[in-house]
Amino acid sequence: MKVSLIQMKVQKTKEESLLAAENGIRQAADAGADFAVLPEMFACPYETSGFPLYAEAEDGESVLRLSAAAKKHQIYLVGGSIPECDKEGRIYNTSFLFGRDGGLLARHRKAHLFDIDIKGGQFFKESAVLTAGDSATVFPTEFGPMGLCICYDIRFPELFRVMVDQGALVVFCPAAFNRTTGPKHWELLFRSRAVDNQIFMVGAAPAADETASYISYGHSIIVSPWGEILSQAGEQETILTEELDLSQVAEVREQLPLLKHRRPELY
Ligand SMILES: O=C(O)CCC(=O)C(=O)O
């Protein structure tokens, strides 16, 4: 199974970002990818003031354009995330995921909102404008079940256990770490979730933009069930394409059967 991660810059307007995403999806298809993966908030500045301005309903322009691109290229599309508003006016950080026919296969609303205040470093308060989702997301594919989460969700191992207990072999994580937590925790978290669940971890981030108020750490990444980094970008715009040998999941689990060694009665 081939994946292409589209590490793109968020552009000045939503239209320009959608065009850049469509261009990236075409390049992923040209590279023979089965999955194209966009970053968290790929078409919206990562700012709490921006989320209400860019929010769209589930049948809005971005969702329609992503669905059409998946269908055009007959590719699975992890649609990064967008601010999604529901009928009651609540806004979520939502990842829409499309099958090869352009149909909506899954929708994950970020379950853990990113509220941090690091002295001398990063401040962010998603909960000021966003509502948290309330479910774990696993979806079927021709390759087997896969999971979906968004950025800060990666810090919660319990969410991963739920996805893995539902059969996930790969977890996709559109994300946008920053230059405070990125260098310290990005690789560590992707490798940890891969090792403790014996799954592939796939993270797509926006490219760094020095003019943005929140500068993405970039470093889109693909990690094997052994915890090896198969591929990792820098901070610049790029497309990362990698073949995942999904038989490694069963191999690792057979040789090191830690999921079977769990002692749920103790915890
Ligand atoms: O957990 C982190 O350090 C970064 C999380 C983040 O940027 C996000 O959830 O958007």
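Both ligands and their constituent atoms are indexed starting at 1 by order of listing. Atoms considered below: every heavy atom in the structure, side chains included; atoms not considered: hydrogens, waters and symmetry mates.
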Give me the nearest non-hydrogen protein atom to atom 9 (O) of ligand 1 as residue plus atom name, then the distance to 0.1 Å.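 So the nearest neighbour among protein heavy atoms is K110 NZ, 2.6 Å.
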If you have a sec, work out which protein heavy atom is nearest atom 8 (C) of ligand 1 and how many Å separate them, to one decimal?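 Protein heavy atom at minimum distance: C151 SG, 2.9 Å.
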At under 4.0 Å between heavy atoms, which part of Y217 makes contact with ligand 1: side chain, backbone, both or neither?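 Under 4.0 Å from ligand 1, Y217 contributes no heavy atoms.
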Mode of F114 contact toward ligand 1 - side chain, backbone, both, neither (heavy atoms, under 4.0 Å):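 It is the side chain that touches ligand 1; the backbone stays farther off.
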Which of the atoms in ligand 1, numbered in the order shown and given with their element, are less than 4.0 Å from a heavy-atom of T181?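 Reading through ligand 1 atom by atom, the close ones are 2 (C), 3 (O), 4 (C).
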With atoms numbered from 1 as shown, which atoms in ligand 1 lie under 4.0 angstrom from a non-hydrogen atom of A176?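 That gives atoms 6 (C), 7 (O) of ligand 1.
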Would you please determine whether F124 falls within less than 4.0 Å of ligand 1 on a heavy-atom basis?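 Checking ligand 1 against F124, which is what was asked, there is no heavy-atom contact under 4.0 Å.
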Could you tell me whether ligand 1 has any atom less than 4.0 Å away from a heavy atom of Y46?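 Within the 4.0 Å threshold, so yes.
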Within 45° cone and under 6.0 Å: R109 NZ/CZ vs Y92 ring: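 Ring-cation test returns yes.
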May I ask you to say whether E254 pairs ionically with K260, meaning some side-chain N is under 4.0 Å from a carboxylate O?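 No, this pair does not count.
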Charged N to carboxylate O under 4.0 angstrom, R179 versus E235?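 Looking at E235 together with R179, the answer is yes, because their closest N to O distance falls below 4.0 Å.
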Out of the candidates Y217, Y46, W186, F114, only one should pair with F177 under the ring pair (Phe, Tyr, Trp, His ring centres under 6.0 Å) rule; please name it.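 Checked Y217, Y46, W186, F114 against F177; only one passes ring pair (Phe, Tyr, Trp, His ring centres under 6.0 Å): W186.
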Any side-chain heavy-atom pair of I154 and R193 under 4.5 Å: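 Yes - at least one pair of side-chain heavy atoms lies under 4.5 Å apart.
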Looking only at N/O atoms, are E40 and ligand 1 under 3.5 Å apart anywhere?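 N/O-N/O distance below 3.5 Å exists for this pair.
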Look at atom 1 (O) of ligand 1 and find which of K184, R155, M41 reaches it with the closest heavy atom.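 Looking at heavy atoms only, R155 sits closest to atom 1 (O) of ligand 1.
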May I ask whether F143 and V3 are part of the same hydrophobic cluster, defined by side-chain heavy atoms of I, L, V, M, F, W, Y residues being less than 4.5 angstrom apart, directly or through others?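 Yes, same cluster.
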Hey, are Q7 and T238 close enough side-chain-wise for a donor-acceptor pair under 3.5 Å?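 Short answer, no.
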